[in-house]
Amino acid sequence: MAKDASTMEKIVALCKRRGFIFQSSEIYGGINGFWDYGPLGCELKRNIKDAWWNDMVLHPPIGPDGREVTMVGVDCSIIMNPKVWEASGHATGFADPMRKCPACGHFVRSDQLWEMLATSSKWMDSLIQEFTPVTGEYDTPRLLKWAKGKGQRLAPNLALVRNPEVTLAWLATRINGQPDAPPTLQEFTSYIATEQLHATGLQDPCPRCGGPLGEASPFKLMFETYTGVEQNADAKVFLRPETAQGIFANFRNVCDSTRVKVPFGVAQVGKAFRNEVTPRNYTFRSREFEQMEIEFFCHDRDSMKWWEFWRDVRINWYQALGLTGEKLRPRNQTDKELAHYSKACTDIEYLFPFSDEPQELEGVAHRGCFDLTQHQTHSGKDMSYFDDETKEKYVPTVIEPSAGADRATLAFICDAYTEDPARASPEFLKLHPRLAPIKAAVFPLVNKDGLPEIAEAIFRDVRKRWPAQYDAKQSIGKRYARMDEAGTPFCFTVDGQTKEDGTVTVRDRDTAEQVRIDKSRVVEFLREKL
RNA sequence: GCGGGUGUAGCUCAGUGGUAGAGCGUCACGUUGCCAACGUGAAUGUCGUGGGUUCAAGUCCCAUCACCCGCUCCA
């Protein structure tokens with residue numbers, strides 16, 4: 001299905017209108033890549049995190065070996081010893097050297113520069129046409145002509161275009177000085193990008209505009225800050241880019257304090273931070289986000305079995321909470337995509353209205369023993385596990401189901417969003433009852449004749465157990481519609497008949513159908529349904 | 001960071017250099033009594049922000065911030 005920007009806009013409008021999601025610091029003009037959850041949104045997201053914790057940690061399914069799965073939780077600090085990020089690979093892996101063109105602002109990865117110039121630079125492509133076809137040699141008049149013609153348009157900031165005579169003079173010096181070693185294409189390219197050879201040395205051109213690229217500097221995906229009084233290099237620390245490392249770093253502590261035996265899993269829910277180049281698509285790619293991660297430790301011999309287990313458990317979890325349609329699309333990563341240490345990974349993707357392609361909600365990765373081995377190497381601490389039964393000592397293999405809480409929240413909202421022009425409430429949220437921020441509403445049909453007293457009593461009873469709302473204002477239709485937009489699954493209405501036989505109506509959000517039940521059965525009804 | 005677009009009430013949006021607008025929503029009162037009903041009212045705006053031009057700026061100019069689309073990037 002193609003992307004549906006108008007649906008996405010309506011979802012964004014509803015989320016703001018009804019208090020699900022706000023832009024962070026909106027009154028100051030907002031801040032790129034950060035979002036707030038309002039009263040309904042925070043309940044929804046909390047319900048999602050609670051459901052995850054309940055279903056994965058407190059009550060996990062039976063394992064592939066037919067036994068109970070052992071799961072424990074941790075809640076680690078966001079700032080850790082910086083050595084953690086050296087061991088995890090984030091300090092280097094998350095900092096690709098980038099070169100910026102000061103002229104046009106284009107960013108290029110250093111290691112991709114020459115390949116880009118050779119294959120996907122429009123001006124370079126055009127310039128190469130000017131070379132003598134057979135020998136590959138160039139002649140100065142043709143280069144001059146190009147510089148004053150096509151070059152003006154294609155590569156306005158290239159030295160050859162801005163100052164052809166000087167640039168070509170440098171090149172001539174090079175050739176005359178070493179006649180037996182003609183410049184390579186790369187060297188030639190550097191020369192025509194250089195105006196002031198003695199001052200700057202050879203320059204590398206921007207693939208887009210030809211301007212001289214700046215020095216390579218790592219793009220830092222991790223946010224930096226400082227601990228303590230002095231803000232110097234020794235005090236520099238990072239906001240974690242994932243919650244997983246807190247689990248790995250505590251592997252020994254958990255083993256030593258909890259009497260767990262491999263196989264077992266450690267779970268964590270928490271904030272993580274990434275300085276994304278381009279935060280985009282509402283809350284999908286935010287710079288501050290929340291993860292729900294499991295690191296499941298097992299013997300390598302059983303690891304594929306456990307990987308399949310977690311893959312299926314996680315897919316089923318999304319489906320059980322309402323993502324039953326075809327928009328939920330698990331996708332196995334190709335061998336090319338897999339990290340070198342990984343044997344398998346399934347991305348659980350969802351087709352959001354803002355995109356043509358499904359986007360990742362969660363990755364279920366087989367990570368081998370990479371992480372624990374890395375920490376063993378860097379910390380010097382033994383990360384192996386001794387199995388008393390088999391007398392085996394080994395570094396466990398890790399299966400990592402890593403889910404985005406905000407992405408899941410957005411997916412559940414998008415999936416629940418339903419338009420039906422035939423209804424009085426043309427837009428509503430078909431949220432799963434477990435996730436709905438408000439579980440039930442209680443209305444008096446009219447705000448008089450003793451009905452409010454009866455309804456309030458029912459409301460108080462319901463509210464002891466679930467988030468609920470009481471509403472006596474305006475027409476009954478508006479009240480139903482408001483609850484539909486909030487995703488409230490059930491509304492109970494006290495009417496004239498209640499005074500006669502003690503029954504109230506229950507209205508179903510999705511069908512708008514009503515049945516009558518005795519008012520004493522309201523709590524029981526909800527307990528069955530929720 | 002670049003290019004294009006947008007920014008006016010809670011939401012969706014009109015607005016020709018000359019008094020700040022509509023629909024919906026919200027609130028109050030009345031009426032009605034099971035699906036955003038009807039009537040009468042009300043509140044809500046530094047027109048994204050900051051400069052400039054002008055007798056006069058929502059409107060023109062500059063800068064800046066945010067959002068959307070496309071690049072670039074993306075465990």
Side-chain angles (χ1 to χ4, degrees), chain A residues 3 5-6 8-10 12-19 22-35 38 88-90 93-94 96 98-109 112 116 120 206-209 211 214 219 221-222 241-245 272 274-282 284-285 287 289 291 293 333 337-339 342 345 347 354-355 359-360 363 365 367 400 402 404 422-428 443-449 451 473-485 491 493-497 504-507 509 512-514 516:
Chain A
K3 118 173 118 178
S6 76
M8 197 60 216
E9 281 168 21
K10 284 185 242 174
V12 171
L14 185 143
C15 283
K16 168 149 200 207
R17 192 167 70 238
R18 296 311 311 268
F22 306 125
Q23 194 180 7
S24 170
S25 352
E26 192 189 68
I27 59 169
Y28 292 103
I31 177 168
N32 197 352
F34 298 88
W35 300 89
S88 70
H90 289 87
F94 270 55
D96 292 323
M98 302 287 290
R99 299 184 68 176
K100 184 187 173 185
C101 172
C104 74
H106 191 66
F107 276 101
V108 189
R109 267 175 61 171
Q112 294 177 349
M116 283 189 71
S120 58
C206 168
R208 193 160 69 175
C209 76
F219 172 73
L221 193 59
M222 285 193 288
E242 63 172 29
T243 55
Q245 297 306 323
R274 292 183 190 184
N275 192 12
E276 298 285 355
V277 180
T278 311
R280 203 49 81 81
N281 292 330
Y282 204 29
F284 184 81
R285 177 166 289 128
R287 289 180 166 140
F289 56 99
Q291 292 185 303
E293 288 201 297
Q333 282 197 4
E337 289 176 274
L338 287 176
S342 179
C345 182
D347 284 344
F354 58 71
S355 173
Q359 303 285 327
E360 182 182 349
R367 296 183 58 86
E400 179 189 75
S402 169
R423 285 169 61 123
S425 50
E427 295 177 276
F428 64 109
F443 308 142
L445 184 59
V446 293
N447 200 14
K448 59 185 179 186
D449 301 337
L451 302 190
K473 299 294 175 72
Q474 299 181 318
S475 72
I476 191 71
K478 279 193 185 185
R479 285 178 268 167
Y480 285 143
R482 273 197 288 259
M483 285 301 141
D484 284 348
E485 271 193 348
C491 295
T493 301
V494 172
D495 58 13
Q497 193 180 330
V504 297
T505 63
V506 188
R507 173 193 179 267
R509 175 196 64 202
E513 281 169 6
Q514 291 177 315
R516 294 199 78 91

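Please read all numbers here as calculations on a predicted model, not as lab measurements. Lettering of chains follows the sequences in order, A, B, ..., and the numbering in each one begins at 1.
Comment: Arg285(A) does not engage Glu360(A) in a salt bridge, judged by the lack of any side-chain N to carboxylate O separation of less than 4.0 angstrom. Salt bridge present: Asp484(A) and Arg507(A) bring a charged side-chain N and a carboxylate O closer than 4.0 Å. Between Glu427(A) and Arg18(A) no salt bridge is recorded (no basic side-chain N to carboxylate O distance below 4.0 Å).
Residues forming a side-chain contact (heavy atoms from CB on, under 4.5 Å) with Arg280(A) (at least two apart in sequence, or on another chain): Thr278(A). Under the side-chain contact (heavy atoms from CB on, under 4.5 Å) criterion, Ile31(A) pairs with Ser24(A), Ser25(A), Phe34(A), not counting sequence neighbours.
Atom-to-atom, CZ of Phe354(A) to P of C74(B) comes out at 18 Å; the value is rounded to the nearest Å. Distance, Lys10(A) NZ to C68(B) P: 18 Å, rounded to whole Å. Here C73(B) presents its P atom at 16 Å from CZ of Arg287(A), a figure rounded to the nearest Å. Between the C1' atom of C74(B) and the CD atom of Glu242(A) lies a distance of 15 Å, rounded to the nearest Å. Regarding Met8(A), its CE atom lies at a distance of 13 Å from the P atom of U12(B), rounded to whole Å. Summarising the geometry, the separation between CG on Asn32(A) and P on G7(B) is reported as 19 Å, rounded to the nearest angstrom. Summarising the geometry, the separation between CD on Glu26(A) and P on C67(B) is reported as 11 Å, rounded to the nearest angstrom. Atom CD in Gln23(A) sits about 11 Å away from atom C1' in G7(B), given to the nearest Å.
For C73(B), there is no paired nucleotide, since no Watson-Crick or G-U wobble pair has both relevant distances below 3.5 Å. Across all strands shown, G21(B) forms a Watson-Crick or G-U wobble pair, both distances under 3.5 Å, with C13(B). Using the Watson-Crick or G-U wobble rule with both distances under 3.5 Å, G41(B) pairs with C27(B). Judged by Watson-Crick or G-U wobble contacts below 3.5 Å, the nucleotide C34(B) has no partner. Pairing partner, C67(B): G5(B), with both Watson-Crick or wobble hydrogen-bond distances short of 3.5 Å.
Taking atom P on both A9(B) and G50(B), the two are 16 Å apart, rounded to the nearest angstrom. With both ends at atom C1', the span from G15(B) to G7(B) equals 15 Å, rounded to whole Å. G17(B) and C60(B): their C1' atoms are spaced 8 Å apart (whole Å). Atom name P, nucleotides U8(B) and U32(B): the rounded distance is 41 Å, in whole Å. For the C1' atoms, the distance from G51(B) to C65(B) is 14 Å, rounded to whole Å. Rounded to a whole angstrom, the distance from the C1' atom of G58(B) to that of G45(B) is 11 Å. If you take atom P in C24(B) and the same atom in A42(B), they sit 16 Å apart, rounded to whole Å. A66(B) and G18(B): their C1' atoms are spaced 31 Å apart (whole Å).
Both tests pass for Arg423(A) against the ring of Phe428(A): distance under 6.0 Å to the centre and angle within 45° of the axis.
Listed nucleotides: C74(B), C71(B), A66(B). Nearest to the side chain of Arg280(A): C71(B). Listed nucleotides: C67(B), C74(B), G70(B). Nearest to the side chain of Glu276(A): C74(B).
Where Leu14(A) and Tyr282(A) each meet RNA chain B at their nearest nucleotide, the meeting point lying more 5' is that of Leu14(A).
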Trace of the ring pair (Phe, Tyr, Trp, His ring centres under 6.0 Å) decision for Tyr282(A) with Phe354(A): CA-CA 9 Å; Tyr282(A) 204 29; Phe354(A) 58 71; 8.7 Å; no
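Looking at Lys478(A), Arg17(A), Arg479(A) one by one, the single match for salt bridge (Lys or Arg N to Asp or Glu O under 4.0 Å) with Glu485(A) turns out to be Arg17(A).
When heavy atoms are screened at a 4.0 angstrom cut-off, Lys16(A) is found touching the sugar-phosphate backbone but no base atom. Contacts of Gly33(A) with the nucleic acid, taken as non-hydrogen atoms under 4.0 Å apart, involve only primed sugar atoms and P, OP1 or OP2.
A donor-acceptor pair shorter than 3.5 Å cannot be found between the side chains of Ser88(A) and Gln245(A).
The side chain of Asn281(A) places no N or O atom within less than 4.0 Å of a non-bridging phosphate oxygen (OP1 or OP2) of C68(B).
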Where protein sits on nucleotides 26-37 of chain B, one letter per nucleotide: B base, S sugar-phosphate only, - none, heavy atoms under 4.0 Å: SSS----BBBBB
